[in-house]
Amino acid sequence: MTLLAIETSCDETSAAVVRDGRILSNVVASQTAIHAEYGGVVPELATREHLRNLMPVTRQALREAGVTTSELDAVAVTRGPGLPNALLAGLKAAEALAFSLRKPILGIHHHEAHLYSAWILTDPSRSDFSQFESSVSLIVSGGHTLLVLVEDVLRHRVLGSTLDDAAGECFDKTGKLMGLAYPAGPEMDRLAAAGNPRAYKFPRPMMNEPNDDFSFSGLKTSVRYFLEKHPALPDDPQALRDLCASVQAAIVEVLVAKTVRAARRLGRRCVTASGGVACNSALRGQLATACRQAGLSLRLSDRKFSTDNAAMIGILAERKWRAGLGEISVDAEIEPGWPL
Ligand code: KG4
Ligand code: ZN
């Protein structure tokens, strides 16, 4: 089957064409340069950019895939969670297209798509569920941090989540305090590579608590207090690198420790990690080391499919369609707070 997928939940407008588990195209128009000026995503600007980008990005995805709208069997779209008006732009465009083509429309959960993106391979880009194993899965993005027990493909339950800020939000907000541009995560990753992670000591929130939840706002506050005491520190390039490495180490250590501990407790042999923060080099490296030591296999989403993209929406939609799930009506509403 051939599907067109659309993703507009935050600040990336993306369209992809997926056919029988293969990704034929995946076009992403990122708005980060626009939001960087304001230090974070401005919802009104995001909506305006989605409206501006939706048609060209969709046309490009079809063109790159060599597919015409008449060849589509269904349209898939992110229904939630996300910024309400951003979701609305994508959902209404997808509904209009599905209605005019008289094809079914599938409403997809953004985090569920991140969850299964760990099973997407690149070159050639395709889903790889033949290797599927029951797993403990970490979803780390700008909006959410979730630990999920995946029993089978499409059968999962949330073990724990962040009680306040998401891991990506913690990168972005602490980076902003240091004077880094939005989104600070990738830049902190880059700077931390040449920094000393033991230079400054920050808390590892909830790391040893007997649950699968996370909390990152306390870490953000301690970085704020630290910078109030040492306001000139980010002006020294090496001190800034050390600070980035130290903050990153605190975030990553908690994520790795709690994920591996949950996998061992629940007797799962496989760990996956996906979402924008899964691009982080320290997280990838330390998860790999911890999993190797614990005798666990690890599946990391490819960096290309970690940050928001429509390919992951299409891959999950196709899987759902084959299981008789996910179809919505052409006048369905967005689900901005949809729980996983
Ligand atoms: O999944 P995503 O594209 O959007 C959401 O659904 O939120 O994730 C974006 C988040 C941002 O907070 C960004 O700073 C973070 O992922 N991120 C990173 C890295 N690349 C992206 N954080 C740390 N290190 C990175 N290399
Ligand atoms: Zn996301």
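Order of appearance sets the numbers: ligands from 1, and atoms from 1 within every ligand. Bear in mind the structure is a predicted one, so any value in this text is a computation, not a measurement.
When only non-hydrogen protein atoms are considered, atom 7 (O) of ligand 1 lies nearest to Gly142 N, 2.8 Å. The protein atom (non-hydrogen) at minimum distance from atom 11 (C) of ligand 1 is Asp172 OD2, 3.5 Å. From the protein, the heavy atom lying nearest to atom 22 (N) of ligand 1 is Gly185 CA, 3.5 Å. Atom 20 (N) of ligand 1 has its closest protein heavy atom at Gly276 O, 3.4 Å. Protein heavy atom in closest approach to atom 15 (C) of ligand 1: Val277 CG2, 3.9 Å.
Taking every heavy atom of Ser141 and a limit of under 4.0 angstrom, the matching atoms of ligand 1 come to 1 (O), 5 (C), 6 (O), 7 (O), 8 (O). Within ligand 1, the atoms closer than 4.0 Å to a non-hydrogen atom of Thr307 are 3 (O), numbered from 1 in the order shown. Proximity to Gly168 (heavy-atom distance under 4.0 Å) selects the following atoms of ligand 1: 12 (O). In summary, the atoms of ligand 1 found under 4.0 Å from a heavy atom of Pro183, numbered by their order in the structure, are 14 (O). Heavy-atom contacts of Gly143 reach the following atoms of ligand 1: 7 (O) (cutoff under 4.0 Å).
A cation-pi contact links Arg319 to Phe129, judged by a cut-off of 6.0 Å to the six-membered ring centre and 45° from its axis.
Separation of atoms CG (Leu283) and CD1 (Ile251) is listed at 10.0 Å; rounding is to 0.5 Å. In this structure, Asp165 CG and Cys170 SG are separated by 6.5 Å, a value rounded to the nearest 0.5 Å.
Side-chain contact, Asp302 with Thr122: a donor N or O sits under 3.5 Å from an acceptor N or O.
With a 4.0 Å cut-off on non-hydrogen atoms, His110 touches ligand 1 through its side chain and not its backbone. Under 4.0 angstrom from ligand 1, the non-hydrogen atoms of His114 all belong to its side chain. With a 4.0 Å cut-off on non-hydrogen atoms, Asp189 touches ligand 1 through its side chain and not its backbone. Heavy atoms of Asp308 found under 4.0 angstrom from ligand 1 belong to the backbone as well as the side chain.
Here the shortest heavy-atom distance to atom 24 (N) of ligand 1, taken over Val252, Leu180, Asn280, belongs to Asn280.
For a distance bound of 2.8 Å, the N, O or S atoms of His114 include one lying that close to the Zn ion (ligand 2). Not a single N, O or S atom of Cys10, from either the backbone or the side chain, sits less than 2.8 Å from the Zn ion (ligand 2).
Of the N or O atoms in Ala184, none lie within a sub-3.5 Å distance of an N or O in ligand 1.
Within 6.0 Å of the CE atom in Met55, the count of heavy atoms belonging to other residues, nucleotides or ligands does not exceed 12. By the 6.0 Å contact criterion, CZ on Arg322 is enclosed, its count of non-hydrogen atoms from other residues, nucleotides or ligands being greater than 12. Surrounding NZ of Lys176 are at most 12 heavy atoms belonging to other residues, nucleotides or ligands under 6.0 Å away. For Arg265, the CZ atom sits in a packed shell: over 12 heavy atoms of surrounding residues, nucleotides or ligands are nearer than 6.0 Å.
Considering Thr8, Asn85, Thr13 as possible partners of His50, the one that fulfils the side-chain hydrogen bond (donor to acceptor under 3.5 Å, both in side chains) test is Thr13.
A salt bridge does not link Arg126 to Asp20: none of the charged side-chain nitrogens sits closer than 4.0 Å to a carboxylate oxygen.
Summary: OD1 is the N/O/S atom of Asp308 found nearest to the Zn ion (ligand 2).
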query: Hey, mind stepping through Asp213 and Lys258 against salt bridge (Lys or Arg N to Asp or Glu O under 4.0 Å) and telling me if it holds?
result: CA-CA 8 Å; Asp213 291 325; Lys258 295 202 93 162; over 6 Å; no
